[in-house]
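Written out below as structure tokens is the structure these notes cover.
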Amino acid sequence: MIKVTLKDGSVKEFESGITAMEVAKNLGMGLFKVACACRINGEVKDLRTVINDDCELEILTFDDDEGKNAFRHTASHILAQAVKRLYPKAKLAIGPSIENGFYYDFDVDVAFTPDVLEKIEAEMRKIVKEKLVLERFELDADEAIDKMEELGEDYKIELINEHSGKGEKISFYRQGEFIELCAGPHIPDTSRVKAFKLTSSTGAYWRGDSKNKMLQRIYATAFTKKDAMEEYLAAVEEAKKRDHNIIGRQLKYFMTSDIVGQGLPHLMPKGAKLFQILNRYVQDIEENEYGFEFTRTPLMAKSDLYKISGHWEHYKDGMFVMGDENSGEDVFALRPMTCPFQYQIYLNEMRSYRDLPIRYAETSTLFRNESSGEMHGLIRVRQFTISEGHIIITPEQLKDEFRKCIDLIQRMMTDTGLIGDISYRLSKWDPEDTEKYIGIPEMWNESEGLMREILDDIELDYEEAVGEAAFYGPKLDFQIKNVHGKEDTLCTVQIDLMLARQFEMTYIAPDGTKQYPYIIHRTSIGCYERTMALLIEKYAGAMPLWLSPEQIRILPISDKHLEMAKQIKTKLSQKGLRVKIDERSEKIGYKIREAQLEKLPYMLLVGDKEIAQSTVSVRKRGEGDIGAMGVDDFCELAKKQDDEKVIF
RNA sequence: GCUACUGUGGCUCAGCUGGUAGAGCAGCGCAUUCGUAAUGCGCAGGCCGUCGGUUCAAAUCCGACCAGUAGCUCCA
């Protein structure tokens with residue numbers, strides 16, 4: 001007999017050799033029916049795992065992340081089985097569970113068009129009905145390869161070959177006629193996959209490498225209950241309605257033009273106003289509260305500059321280069337970043353340790369020749385403007401300055417309301433990738449170590465990511481997801497121990513020696529276009545008052561009330577509020593409807609009643625008619641909400 | 001750059017298997033001067049993304065290019 005300690009701390013005795021699945025059944029059929037996997041002594045295992053010794057056991061269900069993974073991974077096997085039944089020549093690659101679902105990659109001749117997906121779904125439903133039991137078995141590596149060769153599964157052979165060195169057995173799962181190389185865990189049988197949907201198909205490179213063949217990927221999701229899935233799918237559809245690329249155009253924040261080119265958005269008056277609001281806000285805070293000085297440097301430079309910085313070697317493909325290198329004349333390139341330009345200002349005179357830190361900021365327009373498939377609305381573009389800055393410091397000043405950079409960003413994310421959507425990423429180099437990174441391992445270890453120290457010090461919750469660093473140093477990236485769930489960097493703070501050397505930037509230390517400074521590269525509010533996109537998505541176009549291009553619209557009931565409307569507008573405008581009057585001879589209902597569709601924070605109705613009482617009737621976004629108010633009272637209220645950056 | 005899909009008046013969309021375009025909203029004109037999400041009537045507006053091919057005939061079929069969407073790769 002063995003002792004099994006359960007999640008609630010209770011201990012039960014079982015015959016040695018019992019499986020986790022049988023334990024679950026013993027605990028109750030209800031639990032057994034929803035069991036997806038288990039955790040034995042802290043390790044996630046398959047329910048078929050045989051238990052021979054005393055242990056701690058937790059039965060995992062769809063409500064646990066690991067249970068969800070097992071469930072959806074089984075659904076991906078069902079998908080693969082269906083594809084194999086319909087297209088026997090299809091070769092299987094991989095099919096993991098992912099956040100909110102799973103995918104499977106196939107090498108197959110047919111295009112997975114929507115009607116093909118429907119056929120596959122129908123076949124999957126059959127497999128679910130067949131209630132196929134999943135069985136696990138193991139083979140030696142060479143047997144496993146023989147088996148996969150027999151089935152023509154070239155990609156699986158590649159995977160087995162990589163594993164075979166470890167001398168471990170290779171595990172497989174079988175369901176009906178279908179056999180799949182897989183580590184598991186899996187749920188007991190296919191009948192439990194009650195609700196699933198193939199959501200899209202797309203291309204994806206084998207092993208994520210663009211040098212490899214492009215396979216066809218099917219994205220899908222699966223749930224234990226149909227209504228849970230419907231709810232999820234509806235939420236996805238709902239999120240798409242916030243897409244800045246749609247409502248940003250509808251609400252006339254920006255547009256694009258075929259004739260101008262890809263990735264070159266035009267900010268329309270509303271977009272330009274939002275840009276201006278953010279830019280003034282950023283510049284005021286940086287200058288007045290964080291000690292930055294503003295520079296204004298050229299938008300292009302000779303190739304020589306980029307050769308020193310390393311950009312020419314590492315990122316030439318990403319730059320817009322003008323002129324012919326072989327002509328003997330100077331070749332220029334539009335700047336893809338601001339660093340070397342601000343460094344020139346530093347280099348313009350002899351610097352002392354007493355001068356440091358030097359904090360340069362710039363509202364900096366950059367140009368990057370992104371590949372054609374990369375552009376997306378305002379999030380990924382070829383010309384954009386960034387709240388750029390470089391802080392040149394002595395090593396002792398690093399921690400303090402770095403923390404202040406984080407503080408500044410967090411302040412701006414708080415004011416804009418984005419703070420809750422941010423996650424933090426420590427982006428490290430990849431020692432294997434000698435192409436991408438400059439410098440020696442010692443310097444990378446030092447800079448990454450310093451950053452980790454700072455982050456741990458302020459107890460920031462962050463993830464580490466290999467191969468995401470800048471070519472000159474590690475980054476703290478402020479990550480955010482768009483409505484499609486795709487993550488992008490919104491803001492960044494980077495430690496650079498390399499470029500000062502490349503540019504021969506020095507300062508005179510107290511002992512009279514020349515030293516290389518450290519450099520912090522940072523954004524504050526990030527790239528304006530991208531930040532605006534995320535704001536539009538967060539608020540579905542209904543901008544917080546302080547960010548609204550038009551904060552208040554005055555709606556005269558009829559033409560005879562226009563004069564009073566103008567007087568009120570003057571009063572509000574003098575307080576710095578952004579006000580317009582709807583002067584058209586339209587019915588009041590019509591004017592309200594339009595202002596409502598434009599998602600304006602406030603509407604003020606002015607008619608006979610209001611004029612008689614010196615009031616305005618206020619309509620507030622989200623609340624509707626909130627009644628009449630004295631003009632001065634409203635003015636004070638709006639001004640206060642604007643100053644305090646109240647979000648409603 | 002790669003895979004798939006898409007491209008019809010300012011916007012949203014219709015136009016079956018090829019016979020050369022239609023609606024609603026928006027716009028303009030006239031009337032209406034109006035009380036919390038659409039007043040009525042009328043008018044105008046389209047080289048059907050671009051170029052080329054097939055055909056007696058192309059918005060419809062084919063090709064290339066341009067642009068858009070999602071994903072992959074990339075993202076200094």
Side-chain angles (χ1 to χ4, degrees), chain A residues 103 105 111-114 116-117 199-219 240 243 245-246 249-250 252 255-263 306 309-312 314-319 335-340 366 368-377 379-382 386 427 436-438 467-473 475 477 484-486 488-489 492 494 496 499 521 527 530 555-562 584-597 603-610 617-619 624-627:
Chain A
Y103 68 77
D105 287 349
F112 286 146
T113 53
V116 173
L117 291 184
T199 47
S200 65
S201 70
T202 175
Y205 298 107
W206 166 237
R207 317 216 83 178
D209 188 335
S210 58
K211 291 189 200 85
N212 291 339
K213 182 165 183 182
M214 181 160 269
L215 310 174
Q216 286 201 72
R217 173 172 300 177
I218 294 177
Y219 280 100
K240 284 182 188 161
D243 190 340
N245 207 12
I246 296 168
R249 291 172 196 271
Q250 263 168 10
K252 300 185 185 173
M255 54 152 293
T256 48
S257 156
D258 288 11
I259 199 118
V260 174
Q262 246 192 322
Y306 306 113
S309 66
H311 286 90
W312 198 254
H314 289 273
Y315 292 102
K316 193 177 158 208
D317 288 347
M319 290 200 273
R335 67 178 185 193
M337 36 69 236
T338 326
C339 335
L366 305 179
R368 296 181 187 179
N369 193 3
E370 306 283 3
S371 340
S372 63
E374 312 295 357
M375 262 69 76
H376 172 61
I379 286 180
R380 192 84 180 268
V381 293
R382 282 184 169 150
I386 193 164
S427 298
K436 187 170 166 184
Y437 298 102
I438 61 172
E468 297 290 343
F471 74 85
Y472 46 74
K475 308 191 287 176
D477 290 324
H484 299 287
K486 188 177 164 126
D488 271 298
T489 300
T492 183
Q494 310 169 357
D496 169 16
L499 289 182
H521 304 234
C527 160
R530 186 175 283 186
L555 312 180
I557 301 287
S558 78
D559 290 351
K560 66 183 182 220
H561 307 115
L562 193 53
R584 298 171 305 172
S585 302
E586 292 289 350
K587 290 179 77 168
I588 193 68
Y590 185 79
K591 292 182 184 178
I592 289 170
R593 177 183 154 79
E594 295 222 327
Q596 196 90 19
L597 291 174
M603 288 175 234
L604 302 181
L605 274 66
V606 181
D608 289 336
K609 209 165 63 191
E610 287 77 13
S617 287
V618 184
R619 264 188 85 98
D625 187 357
I626 59 170

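Numbered from 1 within each chain, the chains take letters A, B, ... in sequence-line order. Note that this is a predicted model, so its numbers are computed, not measured.
In terms of position on RNA chain B, the residue among G377(A) and D608(A) whose nearest nucleotide sits closer to the 5' end is D608(A). Mapping F112(A) and V618(A) onto RNA chain B via the closest heavy atom, the residue that lands nearer the 5' end is F112(A).
Considering only residues two or more places apart in sequence or on other chains, Q216(A) meets the side-chain contact (heavy atoms from CB on, under 4.5 Å) condition with V108(A), F112(A). Partners of D243(A) under the side chain to side chain donor-acceptor pair (under 3.5 Å) rule, at least two apart in sequence or in another chain, are H484(A). In this structure K252(A) satisfies the side-chain contact (heavy atoms from CB on, under 4.5 Å) test together with M268(A), sequence neighbours excluded. For H376(A), the side chain to side chain donor-acceptor pair (under 3.5 Å) criterion is met by no residue, not counting sequence neighbours. In terms of the side-chain contact (heavy atoms from CB on, under 4.5 Å) criterion, residue partners of Y219(A) (sequence neighbours excluded) are, by chain and number, I98(A), Y103(A), T199(A), S200(A), T202(A), R217(A). The side chain to side chain donor-acceptor pair (under 3.5 Å) search around D625(A) returns none, not counting sequence neighbours. With sequence neighbours excluded, the residues forming a side-chain contact (heavy atoms from CB on, under 4.5 Å) with K609(A) are Q613(A), listed by chain and number.
Protein atom CZ of R584(A) is 11 Å distant from nucleotide atom C1' of A26(B), rounded to whole Å. Between L117(A) atom CG and U3(B) atom P the separation is 18 Å, expressed in whole Å. As rounded to whole Å, 13 Å separates atom C1' of A26(B) from atom CD of Q250(A). One atom, CG of N212(A), and another, C1' of U3(B), lie 15 Å apart when rounded to the nearest Å.
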Quick one: which protein N/O atoms are closer than 3.5 Å to N/O atoms of nucleotides 46-50 of chain B? Pair and distance per line, please.
none

N/O to N/O distances under 3.5 Å, protein versus nucleotides 13-17 of chain B:
none

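A gap of 14 Å separates the C1' atoms of C16(B) and A59(B), to the nearest Å.
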Reading 5' to 3' through nucleotides 37-44 of chain B, protein heavy-atom contacts under 4.0 Å coded B for base, S for sugar-phosphate only, - for none: BBS-----
Sugar-phosphate or base contact per nucleotide [nucleotides 70-76 of chain B; S, B, -; heavy atom under 4.0 Å]: BBBBBBB
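Base pairing of G40(B) is made with C30(B), judged by Watson-Crick or G-U wobble geometry with both donor-acceptor distances under 3.5 Å. Nucleotide A21(B) is matched to nothing when pairs are restricted to Watson-Crick or G-U wobble geometry with both distances under 3.5 angstrom. With a cut-off of 3.5 Å on both Watson-Crick or G-U wobble distances, the partner of A14(B) is given as none. Applying the Watson-Crick and G-U wobble criteria (two distances, each under 3.5 Å), C61(B) pairs with G53(B). Here C74(B) sits opposite no nucleotide as a Watson-Crick or G-U wobble pair (both hydrogen-bonding atom distances under 3.5 Å). Taking a pair to require two hydrogen-bonding distances under 3.5 Å in either a Watson-Crick or a G-U wobble arrangement, C48(B) remains unpaired.
Of the inter-residue distances, the one linking D608(A) atom CG with H561(A) atom NE2 reads 3.5 Å to the nearest 0.5 angstrom. Taken from CE in M375(A) to CZ in R382(A), the straight-line distance is 3.5 Å, to the nearest 0.5 Å.
Between K591(A) and G35(B) there is no side-chain polar atom (N or O) within less than 4.0 angstrom of OP1 or OP2.
Counting heavy atoms from C-beta outward, E610(A) and L604(A) have side chains that stay 4.5 Å or more apart.
Using a 4.0 Å heavy-atom distance criterion, K609(A) is classed as a base contact. T256(A) comes within 4.0 angstrom of no nucleic acid atom, judged by non-hydrogen atoms across all strands.
A donor and an acceptor atom, one from each side chain of R249(A) and T256(A), are located under 3.5 Å apart.
Ring geometry, F471(A) versus H311(A): the interplanar angle exceeds 60°, so the pair is classed perpendicular (tilted spans 30 to 60°).
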I'd like a table of donor-acceptor pairs (distance under 3.5 Å, sequence neighbours excluded) in which one partner is a side-chain atom from residues 585-596 of chain A, with atom names and distances.
unit_1: S585(A); atom_1: OG; unit_2: D559(A); atom_2: OD1; d: 3.3
unit_1: S585(A); atom_1: OG; unit_2: D559(A); atom_2: OD2; d: 3.1
unit_1: Y590(A); atom_1: OH; unit_2: E594(A); atom_2: OE2; d: 3.4
unit_1: K591(A); atom_1: NZ; unit_2: P556(A); atom_2: O; d: 2.9
unit_1: K591(A); atom_1: NZ; unit_2: D582(A); atom_2: O; d: 3.3
unit_1: K591(A); atom_1: NZ; unit_2: R584(A); atom_2: O; d: 3.0
unit_1: E594(A); atom_1: OE1; unit_2: R584(A); atom_2: NH1; d: 3.3
unit_1: E594(A); atom_1: OE1; unit_2: R584(A); atom_2: NH2; d: 2.9
unit_1: Q596(A); atom_1: OE1; unit_2: R619(A); atom_2: NH2; d: 3.2

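Checking each of H314(A), M337(A), K316(A) against Y306(A) for a side-chain contact (heavy atoms from CB on, under 4.5 Å) leaves exactly one that passes, namely M337(A).
Ion pairing between D209(A) and R207(A) fails under the 4.0 Å rule for side-chain N and carboxylate O.
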